[in-house]
Amino acid sequence: MKAKNILNKVYNPQPVEEKWGKFWIDEGLFVAQSFSSKQKFSMVLPPPNVTGILHIGHALCFTLPDIIVRWRRMQGYNTLWLPGTDHASIAVHNVIEQDLAEKGMTRECVGREKFLKLAWDWKEKYGGRIIDQLKKLGTSLDWTRERFTLDEGFSKAVRHVFVSLYEEGLIYRDYYLVNRCPHCGTVLSDIEVEHRDLDGRLYYIKYPLVDSDESVVVATTRPETMLGDTAVAVHPEDERYSKILGKKIYLPLTNRTIPVISDERVEKEFGTGAVKVTPTHDPVDFEIGKKHHLEQVIVIDGSGKMTEDAGREFRGLDRFECRKKVLLMLEEDGLLERIEDYKHAVGHCYRCKTIIEPHLSWQWFVKVAPLAKEAIRVVEKGKIRFIPPNWAKTYFEWMYNIHDWCISRQLWWGHRIPAWYCQDCDGVIVDMEAPQKCKKCNSADIIQDEDVLDTWFSSALWPFATMGWPEETQDLKTFYPTDLMSTGFDIIFFWVARMIMMGLKFGGDIPFKHVFINGLVRDFKRRKMSKSEGNTIDPLDMIEKYGADALRFTLAALAIPGMDLSLSEERMAGYRAFANKIWNASRFVLMNLEGEEFEIKEEELTLADRWIRSRLDRMIEELNEALEAYKFYEAADKIYHFIWHEFCDWYIELVKPSLKEGNKTTQGALVEALDGILRLLHPFMPFITEEIWQHLPGSQKSLVVAPFPEPNMAFRNEDVEAEMEHLQKTIVEARTIRAENRIPPKDRVSLWVKVKEDEEKAMIGRNQIYVQTLANVGKIDIVNDFPQEERLLKGVVGTWEIAVSPESILNLEQEKQRLEKEISKVSLDVDKIESRLRSTEFLDRAPKNVVQDTKKRLKDLQNRKLKLEESLRDLTLP
RNA sequence: GGGCGAUUAACUCAGUGGUAGAGUGCUACCUUCACACGGUAGAAGUCACAGGUUCAAAUCCUGUAUCGCCCACCA
């Protein structure tokens, strides 16, 4: 038979995944149509860093929307999922500069031009790596539309946005205290600084007053910055210091004197209540300095080394070396009063974890508040929806308190700032293209700003610039705004918020309707994954070991909105087993088909056939609902349960007798059910479903574009489901009796079914083949009473009783124990419900249907208890 | 300092007012002709704690504890 030759006993994912992954792309099945009468569904891929390799967080962040887009595609939408990569300035710099460092060089040695060539070469060499990995995962991306944030069109879009914002006054240049990472050699925006609590020290230093024997003691965590102090500040209402206000102080280790000033920002209770003010190396001090027009003495440079102004003894020293020296010298002069342990938050670079240095310099900024206003409104109004919704709160909190965004970076790999400075008149020219001469004084002596833009500045344009903006392309018309953005909570500020602002400002609309925020992937012990801990799970390893389908399904099954997920290989092995289960169930189906044509004759459908139709139909509806709500875990759980425990455990077993008779209608129903299952499962497990589907009679080009099943009320049948449920309970009860009494599986027991109603007799009569097959029963007798002469093992199923008569000898004690245990369990429930029903308050106040259900339940349980007790009595009779 | 989230079976987690669930693991039995990456049956929970609301609370409210995350210019 065809199937036997084709399907192996154990499913092997690798060749299947390779084959279909290539096929889908070669056939252009993921290519979106710019013009289409169909409804569109669009997304853009959060562009992974070009330096990156696929990690498990990506796998999650990309699998979930892929499930959605595949589902929508099958539903007939004109889908676009647009891929691309991000140039990631700092990350690329780190890689290339490390390379250079190994050769004893710096970027300055090679120069900008050569450096950029190295970066591009590097990009060409490794940029494709993550693309291959994305394909392995099965993401249904439209590769014909792939973009890169540094490609020509994108760069044009970036310049366009910069120039417009500048002309509108929303981008400006300022001399300001910003965060600088000495290691990365660039300034950073506020959100690129991570605050970590460090065990530091608080140093109390004596500052002698001029013309006095007294001194003021100030407390600081950074003694080295004292070299740049230009004042000591106290609170205006602090009486302890009122008499020294306006006096001068000798700044130790320098030959400068500084004033004592007052400012409300000083906390009286902290330290000594007097604070040293270093406007050039502390953000608060910077503000105080501005207000009081203090001198700005820069003592630490951008690379973390002490400057000339720090004094001869300190210049050139690293900031932390300098700290030691300063302390030593203060100690020698008797000016170090005391040292306390002190835990405090210190800013670190989010890329390289180096301690950030506040740095006074000329930088470019975006005035964000005006852009934020509309971005807040669209979320408030529900035009953009966060899933889960509580993330909107995080978004609002940041947006309401938003600061201006420093966008210039002292790097080379990136979008160079389109600003030129005239060397003659100091004029600034901001333009799309390089100007020939100064617009003010016509001088040709102009030079371009050395800096590039923050990578996130260009990422912010991703949803519309990828579609060809600022040209008015057909793609923009068709696919913008997009429908869904899937991303991590850690970049809500970095990316999501900025895309919303820029999308509204330049795309003319919101960039996306839904933002799905996925959780963090943790290890099986719920620890964060990190390379240093060695507990990372590499998705590519997992794909190799368990298959991409198993990985995808695992991620979906664990994706509870708003929750981090705890990933274990065990779990993945479980879903590989699931894939194997489907594979073998399909083998079974294919092996039992006779020919390619199946006519399903309604009148020939068995109870089992009609049952699986009804159940599958319910499944379709539930799956659609779960996916609409982005409840991936629920969808995965439901389809898993349906396939394994309804289709395999019950339906396949139930159809066996019918198949043996060569019932073509049942064969048809079986194929129909399997076909439906494969379609439902395809978004989650695209590879295996495609492979099997291609073996089914009547399959078309690809499951990727096969219609997703729609609920069909004609298949829904409550009566059939109820009838089957009763049979299932009967079968399970018989099996339980067998198992608990250690009746050997080979023992084809006889079964008595004791029923009163004619209708029930007919029901069990027409379905006895099912009970016989699934409970391994030899013959069934439908009786009004059990025969007295036989020693029987009895059970209760709803309104009827069953009795098993084994061929072998019984262990009465075992059965007695079983019944006693069962009775005590039922008794507990009975007691609980009786006491509830005794409460008049319950009877008066609870809804009618609840009271009725409770009463019915009590009756059933009492009936069950009674019958079990009878069985026990019969058993103990001589 | 502010905000958010978690606490349910051995483990990882569902479950938002009316009979406590799943997967894995565990126990017993079974290689029967889809599958041992399998089948059948079973054991297993004071739903963190303390109050409150309600006829009824894992679920709603208040508080406590523990853990985690984010934000924040007390040096």
Side-chain angles (χ1 to χ4, degrees), chain A residues 3-4 7 9-11 191 195 202 218-222 225 233 265-272 274-278 282-288 342 344-345 358 388 390-391 393-394 397-398 401 489-490 492-493 519-520 522 524-526 528 546 550 557-558 560 562-568 570-571 573-592 631 633-634 637 640-641 645 648-649 652-653 656 732 735-740 742-746 774-776 829 832-833 836 839-847 849-851 853-854 857 861:
Chain A
K4 270 185 184 158
L7 298 191
K9 218 170 161 178
V10 174
Y11 173 61
I191 52 175
H195 294 276
L202 196 55
V218 296
T220 179
T221 53
R222 300 197 59 197
T225 61
R265 269 170 283 207
V266 178
E267 290 282 331
K268 282 191 278 189
E269 282 71 37
F270 189 89
T272 59
V275 58
K276 60 192 266 322
V277 182
T278 325
D282 181 278
V284 184
D285 294 3
F286 176 70
E287 295 298 329
I288 295 177
Y342 182 60
H344 64 131
N390 56 310
W391 285 110
K393 219 172 164 179
T394 308
E397 195 167 319
W398 189 63
N401 303 306
F489 61 86
D490 50 333
I492 290 178
F493 304 150
L520 202 67
R522 296 168 176 278
F524 68 104
K525 283 182 181 164
R526 293 202 60 78
K528 250 185 188 169
Y546 304 100
L558 295 174
I560 294 136
M563 292 277 297
D564 288 351
L565 50 95
S566 168
L567 188 65
S568 67
E570 254 180 12
R571 186 88 185 218
Y575 290 119
R576 176 183 59 183
F578 177 53
N580 196 55
K581 185 78 184 175
I582 299 157
W583 183 255
N584 278 289
S586 306
R587 264 181 89 224
F588 172 82
V589 173
L590 292 168
M591 278 161 39
N592 281 286
K631 290 182 178 174
Y633 68 97
E634 203 175 290
D637 191 57
Y640 177 92
H641 185 268
H645 299 300
C648 294
D649 288 353
I652 283 189
E653 297 306 322
K656 280 176 179 173
V732 168
R735 284 166 171 175
T736 306
I737 294 170
R738 295 184 64 120
E740 300 262 307
R742 306 275 182 278
I743 296 172
K746 290 204 172 87
L774 272 77
N776 193 24
D829 283 346
K832 221 163 41 181
I833 296 172
R836 186 180 307 165
S839 150
T840 51
E841 282 164 320
F842 173 71
L843 295 171
D844 290 348
R845 300 204 195 181
N849 64 316
V850 172
V851 174
D853 287 354
T854 310
R857 209 175 142 238
L861 284 169

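Every chain is numbered from 1, with letters handed out A, B, ... down the list of sequences.
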Heavy atoms under 4.0 Å, any strand shown: does D637(A) hit a base, just sugar-phosphate, or nothing?
sugar-phosphate
Of all the nucleotides listed (G42(B), U19(B), C37(B)), which has the minimum atom distance to the side chain of A577(A)?
C37(B)
Spell out, as yes or no, whether a donor-acceptor pair under 3.5 Å connects the side chain of R738(A) to the backbone of P744(A).
yes
Heavy atoms under 4.0 Å, any strand shown: does F524(A) hit a base, just sugar-phosphate, or nothing?
sugar-phosphate
Of G5(B), A28(B), C71(B), the nucleotide closest to the side chain of N390(A) is G5(B)
What nucleotide, of C35(B), A75(B), G18(B), holds the atom closest to the side chain of V275(A)?
A75(B)
Identified stems (criterion: three or more consecutive Watson-Crick or G-U pairs, under 3.5 Å), RNA chain B
B:1-7 with B:65-71, B:10-13 with B:21-24, B:26-30 with B:38-42, B:48-52 with B:60-64
By nearest atom, which of the nucleotides A75(B), U19(B), A34(B) is closest to the R857(A) side chain?
U19(B)
Considering only atom C1', compute the distance from G51(B) to G18(B) and round it to an integer number of Å.
23 Å
Counting side-chain heavy atoms from C-beta on, which of U31(B), A75(B), A28(B) comes nearest to D282(A)?
A75(B)
Given G18(B), C73(B), C69(B), identify the nucleotide with an atom nearest to the side chain of A846(A).
G18(B)
Any base atoms under 4.0 Å from V732(A), or only sugar-phosphate, or nothing? Heavy atoms, all strands.
sugar-phosphate
Using a cut-off of 4.0 Å on non-hydrogen atoms, how would the nucleic acid contact of K393(A) be classed: base, sugar-phosphate, or nothing?
sugar-phosphate
Picking from G68(B), A75(B), A41(B), which would you name as closest to the side chain of T736(A)?
A41(B)
Establish whether the base of U40(B) is bridged to the side chain of R735(A) by a donor-acceptor pair shorter than 3.5 Å.
no
Looking only at C35(B), A20(B), A14(B), the nucleotide nearest the R587(A) side chain is C35(B)
With heavy atoms under 4.0 Å as the rule, sort P283(A) into base, sugar-phosphate or nothing.
nothing
Under 4.0 angstrom, heavy atoms only, what part of the nucleic acid is T394(A) near: base, sugar-phosphate, or nothing?
nothing
Can you tell me how the ring of H641(A) sits relative to the ring of H645(A), calling it parallel under 30°, perpendicular over 60° and tilted otherwise?
tilted
Classify the nucleic acid contact of F286(A) as base, sugar-phosphate or nothing, counting any heavy atom under 4.0 Å across all strands shown.
nothing
For P847(A), answer base if it contacts any base atom (sugar-phosphate contacts may also be present), sugar-phosphate if it contacts only those atoms, and nothing otherwise; contact means non-hydrogen atoms under 4.0 Å.
base
Is a donor-acceptor contact shorter than 3.5 angstrom present between the side chain of E397(A) and the base of A72(B)?
no
The residue, R576(A) or P745(A), whose nearest nucleotide of RNA chain B is more 5′ is P745(A)
With sugar-phosphate meaning primed atoms plus P, OP1 and OP2, does Y633(A) contact a base, only sugar-phosphate, or nothing at under 4.0 Å between heavy atoms?
sugar-phosphate
Heavy-atom side-chain proximity of V10(A) to W583(A) below 4.5 angstrom:
no
Check the orientation of W398(A) and F493(A). Use parallel for under 30°, tilted for 30 to 60°, and perpendicular for over 60°.
parallel
For E269(A), answer base if it contacts any base atom (sugar-phosphate contacts may also be present), sugar-phosphate if it contacts only those atoms, and nothing otherwise; contact means non-hydrogen atoms under 4.0 Å.
nothing
When the nearest nucleotide of RNA chain B is assigned to H195(A) and to I743(A) on a heavy-atom basis, which residue is associated with the more 5' position?
I743(A)
T220(A), nearest nucleotide to its side chain (from A75(B), A28(B), A14(B))
A75(B)
Please classify the nucleic acid contact of K581(A) as base, sugar-phosphate, or nothing, using heavy-atom distances under 4.0 Å.
base
Touch check for K832(A), heavy atoms < 4.0 angstrom, all strands: base, sugar-phosphate only, or nothing?
sugar-phosphate
Please state how far atom NE2 in H344(A) lies from atom C1' in G1(B), giving the value in whole angstrom units.
17 Å
Select base, sugar-phosphate, or nothing to describe what S568(A) touches, counting heavy atoms under 4.0 Å on all strands.
nothing
Give one of base, sugar-phosphate or nothing for I833(A), where a contact means two heavy atoms less than 4.0 Å apart.
nothing
